[in-house]
K.L.:
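There's a structure below that I have some questions on.
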Amino acid sequence: MLDAPQIRAARALLNWSREDLAQASGLSVPALARVELGDAQARPATMDRIKATFEGAGVVFTEGSGVRLRTEIVQIYKGTSALETLFNEIYTFASKAGTKDELLCSGFSGEQLFNNLSKEFIQLHSERMSELGGIYFKTLISEDEEDNYYSVKYSEYRKLPKDFFLGVPFYVYGNHLAIITLSPLVQVILIDEKNVAEVYRQQFKVLWEQAKPLSKKGKASA
């Protein structure tokens with residue numbers, strides 16, 4: 001379980017203020033202060049949110065209240081917080097990259113998204129990504145998908161026949177590739193390797209040129 005010293009150490013490692021952590025996690029500054037100072041017993045869901053936020057920024061928590069920055073090429077996140085960790089990392093990347101890099105997503109259905117993330121987190125992620133401005137995000141979805149799942153302003157959407165998708169969504173951003181499996185366990189395989197990411201980026205671009213634009217806008221996406 002994450003503890004207060006690890007939270008303080010992780011902030012110091014990233015040179016984050018409490019305000020930075022609050023912005024990234026969607027928690028309030030006073031709430032974070034109470035947790036860090038041990039004045040309140042945080043709910044497990046709150047601690048999971050904080051942990052996922054730090055992991056998304058590249059922090060690895062070790063035994064004995066230790067922290068370090070991620071150096072491995074491959075990271076695997078499992079369980080209920082895996083997607084939050086991924087989207088926190090995407091947000092951290094986007095907030096630094098601005099318009100310099102494309103963010104690409106393929107094969108993630110709206111139903112899968114809403115079944116594996118809380119409505120609260122989906123709203124948080126959509127709002128904070130929209131607030132960044134200038135993000136160039138492209139999303140490929142199946143023709144079977146209902147358009148009303150997809151409307152966030154920071155992404156452009158196109159559709160392909162469902163045969164192009166094999167049930168394994170992926171994201172490409174910068175030198176990072178995230179491959180997602182959702183059954184029987186939610187799992188994110190994150191690969192930090194330029195050449196691997198570039199192969200998937202080029203494959204995505206070929207499919208993008210063959211895809212059809214979305215006909216209308218709808219509710220939400222990540």
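In what follows, residues are counted from 1 in the order of the sequence shown.
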K.L.:
Rounded to the nearest 0.5 Å, how far apart are CZ of Arg8 and CZ of Arg11?
P.N.:
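Arg8 CZ to Arg11 CZ: 9.0 Å, rounded to 0.5 Å.
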K.L.:
Do Ser17 and Asp20 pair up side chain to side chain, a donor and an acceptor below 3.5 Å, judged on atom types alone?
P.N.:
yes
K.L.:
Between Glu209 and Lys205, is the closest basic N to carboxylate O distance under 4.0 Å?
P.N.:
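Looking at Glu209 together with Lys205, the answer is no, because their closest N to O distance does not fall below 4.0 Å.
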K.L.:
Considering all heavy atoms of both residues, which atom of Ser25 and which atom of Leu124 are nearest to each other, and what is their separation?
P.N.:
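In this case the closest contact between Ser25 and Leu124 is O-CD2, 3.4 Å.
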K.L.:
Is any side-chain heavy atom of Val172 less than 4.5 Å from a side-chain heavy atom of Phe204?
P.N.:
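Val172 vs Phe204: side chains apart.
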K.L.:
Closest approach of Ala82 and Tyr77, non-hydrogen atoms and distance?
P.N.:
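Heavy atoms only, the tightest pair is CB-O, 3.6 Å.
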K.L.:
Would Leu69 and Leu13 satisfy side-chain contact (heavy atoms from CB on, under 4.5 Å), going step by step from the backbone distance to the final call?
P.N.:
CA-CA 8 Å; Leu69 288 176; Leu13 195 61; 3.8 Å; yes
K.L.:
Working note: Leu207 + Leu160, criterion side-chain contact (heavy atoms from CB on, under 4.5 Å); need CA distance, chi angles, decisive distance, verdict.
P.N.:
CA-CA 8 Å; Leu207 293 174; Leu160 285 170; 3.8 Å; yes
K.L.:
Between Gln6 (side chain only) and Asp3 (backbone N and O only), is there a donor and an acceptor less than 3.5 Å apart?
P.N.:
yes
K.L.:
Evaluate the side-chain proximity of Ile191 to Ile73: yes if any heavy-atom separation is below 4.5 Å, no if none is.
P.N.:
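Yes; the side chains approach each other to less than 4.5 Å.
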K.L.:
Between Leu185 and Lys78, is any pair of side-chain heavy atoms under 4.5 Å apart?
P.N.:
yes
K.L.:
Verify salt bridge (charged side-chain N to carboxylate O under 4.0 Å, His left out) between Lys138 and Glu102, making sure each step is shown before the conclusion.
P.N.:
CA-CA 8 Å; Lys138 294 179 178 178; Glu102 293 180 331; 3.5 Å; yes
K.L.:
Look up atom CD1 in Ile141 and atom SG in Cys105, then write down how far apart they are to the nearest 0.5 Å.
P.N.:
9.5 Å
K.L.:
When rounded to the nearest 0.5 angstrom, what is the spacing between CG in Leu103 and CE in Met129?
P.N.:
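One gets 5.5 Å once the value is rounded to the nearest 0.5 Å.
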K.L.:
In Å, rounded to the nearest 0.5 Å, how long is the span from CG of Leu182 to CD1 of Ile180?
P.N.:
6.5 Å
K.L.:
Within a 6.0 Å radius of atom CD on Glu120, are there more than 12 heavy atoms belonging to other residues, nucleotides or ligands?
P.N.:
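No.
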K.L.:
Should Val168 and Phe164 be counted in the same cluster of Ile, Leu, Val, Met, Phe, Trp and Tyr side chains packed under 4.5 Å apart?
P.N.:
yes
K.L.:
Output yes when a side-chain donor or acceptor of Ser126 lies under 3.5 Å from a complementary backbone atom of Ile122, and no otherwise.
P.N.:
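No.
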K.L.:
Keeping to residues at least two apart or across chains, list the salt bridge (charged side-chain N to carboxylate O under 4.0 Å, His left out) pairs with something in residues 167-195.
P.N.:
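For residues 167-195, and leaving out neighbouring residues, the salt bridge (charged side-chain N to carboxylate O under 4.0 Å, His left out) pairs sorted by first residue read Arg70-Asp192.
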K.L.:
For a quick check under 3.5 Å, do Arg201 and Asn175 share a side-chain donor-acceptor pair by atom type?
P.N.:
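Distance-only check fails for Arg201 and Asn175.
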K.L.:
Rounded to the nearest 0.5 Å, how far does OG of Ser118 lie from CD of Gln123?
P.N.:
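One gets 10.0 Å once the value is rounded to the nearest 0.5 Å.
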K.L.:
Which pair of non-hydrogen atoms, one from Ala22 and one from Leu27, has the smallest distance, and what is that distance?
P.N.:
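Heavy-atom minimum between the residues: CB-O, 3.1 Å.
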K.L.:
Less than 4.5 Å apart, any side-chain heavy atom of Ile50 and any of Ile7?
P.N.:
yes
K.L.:
Mind checking ring pair (Phe, Tyr, Trp, His ring centres under 6.0 Å) for Phe121 and listing every partner two or more places apart, or none if nothing turns up?
P.N.:
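For Phe121, no residue satisfies ring pair (Phe, Tyr, Trp, His ring centres under 6.0 Å) once neighbours in sequence are set aside.
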K.L.:
Hydrophobic cluster membership, with links at side-chain heavy-atom distances under 4.5 Å among I/L/V/M/F/W/Y: are Val60 and Ile189 in one?
P.N.:
no
K.L.:
Looking only at non-hydrogen atoms, find the nearest pair between Leu32 and Arg18 and report the distance.
P.N.:
CD1-O, 3.8 Å
K.L.:
Mark yes when over 12 heavy atoms from residues, nucleotides or ligands other than Asn115 sit less than 6.0 Å from its CG; otherwise mark no.
P.N.:
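Buried by this count: over 12 neighbours within 6.0 Å.
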K.L.:
Are the charged groups of Glu36 and Arg34 less than 4.0 angstrom apart, N to O?
P.N.:
no
K.L.:
Under a 4.5 Å cut-off applied to non-hydrogen side-chain atoms, are Leu190 and Ile76 in contact?
P.N.:
no
K.L.:
Compare all side-chain heavy atoms of Leu14 with those of Phe54 and state whether any distance is below 4.5 angstrom.
P.N.:
yes
K.L.:
Under 3.5 Å, is there a donor on one side chain and an acceptor on the other for Tyr173 and Glu89?
P.N.:
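Glu89 and Tyr173 do have a side-chain donor-acceptor pair below 3.5 Å.
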K.L.:
Are the side chains of Leu104 and Tyr171 in contact, using a 4.5 Å heavy-atom criterion?
P.N.:
no
K.L.:
Determine the minimum heavy-atom distance between Ala24 and Tyr91, stating which atoms define it.
P.N.:
CA-CE2, 4.0 Å
K.L.:
Hey, what do you get for OG (Ser81) to NZ (Lys51), rounding to the nearest 0.5 Å?
P.N.:
6.0 Å
K.L.:
Return yes if a side-chain donor-acceptor contact under 3.5 Å exists between Glu19 and Gln23, otherwise no.
P.N.:
no
K.L.:
Is the closest basic N to carboxylate O distance between Glu84 and Arg49 below 4.0 Å?
P.N.:
yes
K.L.:
Grab the two heavy atoms, one from Trp208 and one from Tyr157, that are nearest each other, plus how far apart they are.
P.N.:
CH2-C, 4.1 Å
K.L.:
Would you say the side chain of Val67 lies within less than 4.5 Å of the side chain of Thr62, judging by non-hydrogen atoms?
P.N.:
no
K.L.:
Can you confirm whether more than 12 heavy atoms, excluding those of Phe61, are under 6.0 Å from its CZ atom?
P.N.:
yes
K.L.:
According to a hydrophobic-cluster definition based on side-chain heavy atoms being under 4.5 Å apart (Ile, Leu, Val, Met, Phe, Trp, Tyr only), do Val199 and Ile179 belong together?
P.N.:
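No, Val199 does not connect to Ile179 through the hydrophobic network.
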